[in-house]
Amino acid sequence: MCFQVILVFLLNIGSLIIYFVNLAEEEGYQISFPDSIIYVDTGFNAFFLFYFGLRFVAADDKLRFWLELNSLVDFFTIPPVFVSYYIDRNWLGLRFLRALRLLELPRILQFLRVTKNNYSIKLSKLFAVFIGTWLTAAGFIHLIENNGDPWVQPPNSQSITYLKCMYLVMVTMSTVGYGDIVVQTALGRTFIIFFIIGGLVLFANIIPEVVEIVESHKSYKSSYEVVSGKNYVVVCGNITLESVTTFLQDFLLQDTGKVCTEILFLGESLPSLELEAVFKCYSAYTTFFYGSALKSGDLKRVGMESANACLILADVCSPQPYTEDTCNIMRVLSIKNHYPNTRVILQIIQSRNKVHLPNIPNWDCRRGDNIICLAELKLGFIAQSCLVPGLSTLLTSLFIGKENTETKRKYLKDKMLLGDKDYKVMTFQLSNDFADMTFIEVCRLCFVKLNLVLLGVELKFGSRGESTILINPSSRIKLHRNTMGFFIAHSLAEVKKAQFYCKACHSDVQDPEQIKKCHCKRRVHSRHFSEVLKLRSGSLVSRGEPAKSRSFINLPLQRFVDGVLDVQGKENSRVILDPAGRFHWCDAVPLQEALLSCNDQAALNLQDHILVCVFGDANSPLIGLQDFVMPLRASNFTYHELKDIVFLGSLEYLQREWKFIQNFPKLWLFSGSALCCADLRAVNVRDCSACAILSSNTTASSNPSLVDTESILATLNIRSMQDKPSSASLDAVFRGRALGNQSEPCYKRIPITTELKSSPNAQFINQAPSGNSEIPEQDQLSTTAAPAGAIFSDSFLNSLLSMTYYNHRILALLQTLVTSGTSPALEEQLLEMDSGLSRSPDDMVQNVSQLRCKLGLLPLSERLLTGVTQEDSFGDVYCKALDLFGILCFGLYRLMKEPNPYKNRFVIARPASDLKMLPTDLLFCLVPFNVATTDDQRGEMESQLGSKKTGSTDTSMPEL
């Protein structure tokens, strides 16, 4: 087909050249050609006639075929040639119409891969239209002026050459009109009247556009002039209108410092007109360069060697995520080969592709090189939201800070709920006076004396400067000098007080504002950081008195037996973990054994499970369900705490995912669809503890409003199946019980987390607010997304690239929170073993892994309120939870004002210390691994340990 089109085009050009040759002979030029040229032209037109017949036979619409431009050209050009051959003399006729075949030139150039980008294709189209129109109009004037009007006698013709006709057409299109050459015939003048209108539009639009394209292409090929001391970053990869607009909004929002960072975009295709408009709007901060990160010359043009960092954007909605990832990895390889010291921050779609990056020479995380795995973080967020409803809203507020606090404050009558501050996660080095103290001791001191919430610390170890992030670590671990802390605070000035703190000068200071940098030399020195993991023996100091030991903290080294702690280390039924000790493991389960049907007893007995509705088919790109399962099978959960996970979706798709998750326990598959109520009833959707709706990338619809159709309909379908008891106590909306008004009718709502590809589609899921609601726009606020339903969009993950550039430790903290601590070694193991995780050679739980804390959503229990009046504040609860159980509270989930039949809640990130608590409040907490998280688990553990308690050790657990 391609060869045929090219052949026809070349023969048309040949016929047009023969027309020009005949013109030269007619106009008296001293040019001689053999008489056989007429036979060549006849042969060409014989082929055109044959090709015309083929096109007619192949045409679907025969009537429309006769009106096509190519058909009209054949009508008026083929007969004159055969007439010339018959009478054995040249007759020009309408053969100039062959010039219209030049409109096919852009298509031919694309076939030959001469034009590859949008601008070269557009430029070729403009030239083809201009040249074709010019030659055709000149040929028409030449014909009628040399023959005259047929009805006028004597003839009013004039002898005019074709070149003069081309000159006349050009001055007419350009509106110059010298008047040295004019048409004399009525037909010629009539043609000129209409041609002036069309030619003026054509000339006025095409020429400036061509000039602009040529100039812009030349400017985009320039080089960046590096200025010493000026900060700039290079952005490459997926440079589109949407990605650039989102990146600029996030980057400039983060860049609040005094030094402005310039942004250089390196695109492999010239920008569209819309994208050019964006660059012009941000011309003070951005510059676009046309080139590729795979070419050393282009890297040199943008000054990659002196750049602060290179940020590589990925196309999140790419239908071929593996290809997208490998292209970006090759860009990293090119950059590191030429400029090994340049920092690279890369977006990766699939987590399995991350393992290739450490193999790249000069890749060094200690230098600031970072990987942002979009699927891993997204699925980790959704998985944690199944256990802790509202968590994604809280983390979005703390890590990104995009919420419109002013809008929320407008509709909340109690302004104290939000206060006047927007809290964010920040990092800063801790004072060396905290050395040799436990994390709990430092955490309590920061809260009471500095009004700061300390989430975790970064500890360095080894001779190569390796580091690890510990979130609410065990009391066995002590801090060392120069430790980096992760705080929730309003401003950097508040966080700096943690570095200024001095035991000698500030021990008696009560006002945090009075803590400033001192110059005394009475600093407490700690041991060398190599002793950082020293085990601590003794009691936790709280308010000057020994506090009660936390549950199981001082017990000897344990094994997990049947999901509970066995202090005697018995050998029966030990829980199996992966070699890294981070996830629960089991022997590979055959697909048929995990497959449920409507008649299976296992399906009928499903209770308090997690339902995952998956939309995908045999040809869809993989979502990566392994990234969803791993946080829910982390080893810091006891085996008894693991909830059954049921995947509902197409069996053809689930078969492709199963080989990556077949080694995780308590997983089930059900072939069906979330759009079918019968399938939802078969998996006991009304009895599940949480529901997640995931969809694979698809190109089925180009309309952004329609890409989430299945997810939206499934969400509404599940909502319609939820129970509506007339009078009942609040029932298992979360993993724990929330106290409420029992006399008010309430509705059991299943916490649903829906993944949306396009965030504006949230309008189709948000429930319409009631007319009597005190917060008219409550469902439009991200803080009300659960329990009635939560929404997770990729727009949150887009902000992580800018955040990582300014502080890479924040990304590491977020990854630790939502992924339950995946490591490069584990990722490499997962890649090497296509069948999934392997079994640990020893059934013993590794202490380092088991010391990880877990996220929880706890109600206020009697234990936390012991000895506290009804005027209890968040600060009181914070200290009691920390002292008694080692639980670190950092957020609040509060019921909205009545009437609130769906028991919707909103998130308060880092509540004020004096905020009064309500009995129905739920606390976002970092819970030690050895604190039970369910009522049944707590009862079982307490009963088994009841006979083993010694002394005054307190083994009671907080209510969940």
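Keep in mind it's a predicted model, so treat the numbers as computed, not measured.
Within the 4.5 Å cutoff, no side-chain heavy atoms of Asp687 are placed close to those of Asp608. Inter-residue side-chain proximity for Phe647 and Leu625 is flagged as met; some heavy-atom pair is nearer than 4.5 Å. The shortest side-chain heavy-atom distance between Leu454 and Phe439 falls under the 4.5 Å cut-off. In this structure, Cys925 and Leu857 have side chains that are not in contact, with every pair of non-hydrogen atoms separated by 4.5 Å or more.
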Output, in order, the C-alpha distance, side-chain angles, deciding distance and verdict of side-chain contact (heavy atoms from CB on, under 4.5 Å) for Phe924 and Val907.
-> CA-CA 9 Å; Phe924 291 100; Val907 171; 4.2 Å; yes
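What you find for Leu915 and Arg894 is that their closest heavy atoms are CD1-NH1, 4.2 Å. Nearest heavy-atom pair, Phe486 versus Arg809, reported as atom, atom and distance to 0.1 Å: CE2-O, 3.4 Å.
With no hydrogens or angles considered, no side-chain donor-acceptor pair links Asp914 and Ser873 at under 3.5 Å. Inspection of the Thr920 and Arg905 side chains reveals no N or O donor paired with an N or O acceptor under 3.5 Å.
A cation-pi arrangement is present between Lys666 and Tyr639, with the terminal nitrogen or guanidinium carbon under 6.0 Å from the aromatic centre and inside a 45° cone about the axis. Cation-pi geometry between Arg910 and Tyr423 is met: under 6.0 angstrom from the ring centre, within 45 degrees of the axis.
No side-chain donor-acceptor contact under 3.5 Å links Asn472 to the backbone of Cys853. Between the side chain of Thr483 and the main chain of Leu479, no donor-acceptor pair closer than 3.5 Å is present.
Taking the side-chain contact (heavy atoms from CB on, under 4.5 Å) definition, one finds that Thr715 meets it with Ile693, Arg719, Ile752, Thr754, Ile765, sequence neighbours left out. Residues satisfying the side-chain contact (heavy atoms from CB on, under 4.5 Å) criterion with Lys449, sequence neighbours excluded, are Leu445, Tyr501, Gln510. Considering only residues two or more places apart in sequence or on other chains, Ala489 meets the side-chain contact (heavy atoms from CB on, under 4.5 Å) condition with Leu452, Glu494, Val495.
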